[in-house]
Peer 1: 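Pasting in a structure now, in structure tokens, and then I'll have a few things to ask.
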Amino acid sequence: MRVEQLTCAIGAELSGIRLEQAIHDDGLFAELRTLLLRHRVLFLRDQDFSRAEHVAFARRFGELEDHPVAGSDPENPGLVRIYKNPDQPNDRYENAWHADTTWRAAPQFGAVLRCIECPPVGGDTMWANMALAYERLPEDVKQKIEGLRARHSIEASFGAAMPIDRRLALKAQFPDAEHPVVRTHPETGEKILFVNAFTTHITNYHTPDRVRFGQDANPGAGNLLSYLISQAYVPEFQVRWRWKPNSVAIWDNRSTQHYAVMDYPPCHRKMERAGIIGDIPF
């Protein structure tokens, strides 16, 4: 196996292996998991495996989860089909910096995404290193956000375009989750900036030490949250991947965010993703 680091901050391309081998090869899988922790997102080309093999490989990291809006392949539970076509209007869910399913009490561990069909040009995906984003924050900001918590909502994202009855039913099924603004990576111990496009507000900003009057809380917390969310936009924290059929990305959802670039003309873009159940952030 060959490992080529793609940027100084994040990402490595692997070659010389086939992922389906890691379904049964414990040594190879252990090496992949170590590389994932080091580089946060791994990329591979020419991985022509079946949907069943896709699911079996992803399940080595943990059990898989369905998506309540996108749905899963009926024959392979946990394999979400993200299909775009010229007749389908852009849904605007992908082209925002986010970590998957932070609206869950236990957001995803990570995911294995394979390209089935893609535009001849455009449709790249970018990832950002949110451990580095936290590390590079000014010290006074680190002190200010220590101990803060924030809400993450499926209602305000996937539910926003739904009729009110469906939106409220979705929220009842998935109440807003509350997570630390800075989470600790459960395997590496790193501090990670953990707010994104699913984050609606900071819940414990309004304290006597932070505000003079109640109205200080809204702009203070809102401006701080906007600033923190914008850290994923910094190019020095990012890697960009150009898709080809049978290309694969494996990422650690706990320490990264990603952005699917919706810059392609009307055409087909078919991706299949297996999302791995994670744990409760702390």
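When reading the values below, keep in mind they use all heavy atoms of this one structure, side chains included, and skip hydrogens, waters and symmetry mates. Residue numbers count from 1 along this sequence.
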Peer 1: Quick check: is F49 connected to L42 through a chain of hydrophobic side chains (ILVMFWY, heavy atoms under 4.5 Å apart)?
Peer 2: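 Yes, one cluster joins them.
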Peer 1: Does any N or O in the side chain of N253 come within less than 3.5 Å of the main-chain N or O of I276, such that one atom is a donor and the other an acceptor?
Peer 2: no
Peer 1: Please answer whether the main-chain N or O of Q215 pairs with a side-chain N or O of N218 as donor and acceptor at a distance below 3.5 Å.
Peer 2: no
Peer 1: Drop me the distance from R269's CZ to N85's CG, to the nearest 0.5 angstrom.
Peer 2: 13.0 Å
Peer 1: Could you walk me through whether T184 and K191 pass side-chain contact (heavy atoms from CB on, under 4.5 Å), step by step?
Peer 2: CA-CA 5 Å; T184 302; K191 298 295 185 182; 3.1 Å; yes
Peer 1: Quick one: do D100 and R273 satisfy side-chain contact (heavy atoms from CB on, under 4.5 Å)? Show the steps, please.
Peer 2: CA-CA 11 Å; D100 283 333; R273 184 189 73 201; 3.5 Å; yes
Peer 1: When you measure from the side chain of D25 to the backbone of L28, do you find a donor-acceptor pair of N or O atoms at a distance under 3.5 Å?
Peer 2: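 Here the side-chain-to-backbone pair exists.
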Peer 1: Under 6.0 Å between the ring centres of F237 and Y233?
Peer 2: no
Peer 1: Transitively linked via ILVMFWY side-chain contacts under 4.5 Å: V182 with L137?
Peer 2: yes
Peer 1: Can you confirm whether D73 sits close enough to V55 that some side-chain heavy atom of one is under 4.5 Å from a side-chain heavy atom of the other?
Peer 2: no
Peer 1: Got H258 and W251 here, is their nearest side-chain heavy-atom distance under 4.5 Å?
Peer 2: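 Yes. Closest side-chain heavy atoms under 4.5 Å.
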Peer 1: For a quick test of reading the model, state the closest non-hydrogen atom pair linking P281 to A105 and the distance between them.
Peer 2: CD-O, 3.6 Å
Peer 1: According to a 4.5 Å side-chain heavy-atom criterion applied to Ile, Leu, Val, Met, Phe, Trp and Tyr, with indirect links allowed, do M126 and I229 form part of one hydrophobic cluster?
Peer 2: yes
Peer 1: Could you tell me which non-hydrogen atom of A22 sits nearest to which non-hydrogen atom of F29, and how far apart they are?
Peer 2: O-CB, 3.8 Å
Peer 1: Carefully, step by step, assess F61 and R33 under the rule side-chain contact (heavy atoms from CB on, under 4.5 Å).
Peer 2: CA-CA 8 Å; F61 292 98; R33 184 158 186 145; 4.1 Å; yes
Peer 1: Would you say CD of E178 has more than 12 non-hydrogen atoms from neighbouring residues, nucleotides or ligands within 6.0 angstrom?
Peer 2: yes
Peer 1: Inspect the contact between E65 and R104 and indicate whether a charged nitrogen and a carboxylate oxygen are less than 4.0 angstrom apart.
Peer 2: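 Looking at E65 together with R104, the answer is yes, because their closest N to O distance falls below 4.0 Å.
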Peer 1: Which heavy atom of V195 sits nearest to which heavy atom of L228, and what is that distance?
Peer 2: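 Heavy atoms only, the tightest pair is CG2-CB, 3.7 Å.
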Peer 1: For Q47 and I17, indicate whether the former's side chain and the latter's backbone hold a donor-acceptor pair under 3.5 Å.
Peer 2: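 Yes, because the side chain of Q47 sits within donor-acceptor range (under 3.5 Å) of the backbone of I17.
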Peer 1: Determine whether R149 and T203 satisfy the following criterion, side chain to side chain donor-acceptor pair (under 3.5 Å), listing intermediate values before the conclusion.
Peer 2: CA-CA 6 Å; R149 299 179 64 82; T203 52; 5.4 Å; no
Peer 1: Does any N or O in the side chain of K142 come within less than 3.5 Å of the main-chain N or O of E135, such that one atom is a donor and the other an acceptor?
Peer 2: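 Here the side-chain-to-backbone pair exists.
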Peer 1: Closest approach of P68 and L170, non-hydrogen atoms and distance?
Peer 2: CB-CD1, 4.5 Å
Peer 1: Within a strict 4.5 Å, meaning less than it, do heavy atoms of the E13 and W241 side chains meet?
Peer 2: yes
Peer 1: Counting N and O atoms only, with roles assigned by atom type, does the side chain of H54 sit under 3.5 Å from a partner on the main chain of V112, one being a donor and the other an acceptor?
Peer 2: yes
Peer 1: Working to the nearest 0.5 Å, report the span between CZ of R18 and CD1 of I23.
Peer 2: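 The CZ atom of R18 sits 10.5 Å away from the CD1 atom of I23.
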Peer 1: Of all heavy-atom pairs between P138 and Y227, which one has the smallest distance, and what is that distance?
Peer 2: CD-OH, 3.5 Å
Peer 1: Answer yes or no: is there a side-chain heavy-atom contact under 4.5 Å between L14 and L32?
Peer 2: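 The answer is yes, as the side chains (C-beta and beyond) meet within the 4.5 Å cut-off.
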Peer 1: Return the CD1 to CZ distance between I277 and F109, rounded to the nearest 0.5 Å.
Peer 2: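 Between atom CD1 of I277 and atom CZ of F109 there are 12.5 Å.
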Peer 1: Could you tell me whether the side chain of H98 reaches within less than 4.5 Å of the side chain of S157, counting heavy atoms only?
Peer 2: no
Peer 1: Evaluate salt bridge (charged side-chain N to carboxylate O under 4.0 Å, His left out) for E187 paired with R254, printing each intermediate quantity in order.
Peer 2: CA-CA 10 Å; E187 295 184 72; R254 302 164 296 182; 2.8 Å; yes
Peer 1: Just by modelled atom types, is the A131 backbone N or O under 3.5 Å from a matching donor or acceptor in the S255 side chain?
Peer 2: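 Pair absent, no side-chain N/O of S255 close to backbone of A131.
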Peer 1: If you measure from NE2 on H185 to CG on L37, what distance do you get to the nearest 0.5 Å?
Peer 2: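 That separation rounds to 5.5 Å.
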Peer 1: Could you state the interatomic distance from OH (Y259) to CZ (R240), rounded to the nearest 0.5 Å?
Peer 2: 9.5 Å
Peer 1: With clusters defined by side-chain heavy atoms of hydrophobic residues (ILVMFWY) lying less than 4.5 Å apart, directly or transitively, does M130 cluster with I202?
Peer 2: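 They do share one cluster, since a chain of ILVMFWY contacts under 4.5 Å joins I202 to M130.
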Peer 1: Quick check: do D176 and K171 have side-chain heavy atoms less than 4.5 Å from each other?
Peer 2: yes
Peer 1: N196 and T102: side chain to side chain donor-acceptor pair (under 3.5 Å), yes or no, with the steps?
Peer 2: CA-CA 8 Å; N196 64 81; T102 61; 3.2 Å; yes
Peer 1: Give me the ring orientation class for F158 and H67: parallel if the planes are under 30° apart, tilted from 30 to 60°, perpendicular past 60°.
Peer 2: perpendicular
Peer 1: Could you check whether any side-chain heavy atom of R242 comes within less than 4.5 Å of a side-chain heavy atom of D124, counting everything from C-beta outward?
Peer 2: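 Yes; the side chains approach each other to less than 4.5 Å.
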Peer 1: Salt-bridge test for R51 and E75: reply yes if a basic N is under 4.0 Å from a carboxylate O, no otherwise.
Peer 2: no
Peer 1: So R114 and D48, side-chain contact (heavy atoms from CB on, under 4.5 Å) or not? Walk me through it.
Peer 2: CA-CA 9 Å; R114 183 165 75 112; D48 186 13; 4.2 Å; yes
Peer 1: Would M271 end up clustered with L19 when hydrophobic side chains under 4.5 Å apart are linked, directly or stepwise?
Peer 2: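 Per the 4.5 Å side-chain linkage, M271 and L19 are not co-clustered.
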Peer 1: Give, for atom CZ of F43 and atom CG of L113, the distance between the pair rounded to the nearest 0.5 Å.
Peer 2: 10.0 Å
Peer 1: Contact between Q238 and W97 at the side-chain level, heavy atoms closer than 4.5 Å - yes or no?
Peer 2: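 In contact.
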Peer 1: Would you call E272-R81 a salt bridge at under 4.0 Å N-O?
Peer 2: no
Peer 1: Apply ring pair (Phe, Tyr, Trp, His ring centres under 6.0 Å) to the pair Y264 and W243, showing each step before the final yes or no.
Peer 2: CA-CA 12 Å; Y264 48 92; W243 292 104; over 10 Å; no
Peer 1: Check this for me: does any side-chain nitrogen of one of D26 and R60 sit under 4.0 Å from a carboxylate oxygen of the other?
Peer 2: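 Salt bridge present between D26 and R60.
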Peer 1: Any idea which heavy atoms bring I10 and A128 closest together, and the distance?
Peer 2: CD1-C, 3.7 Å
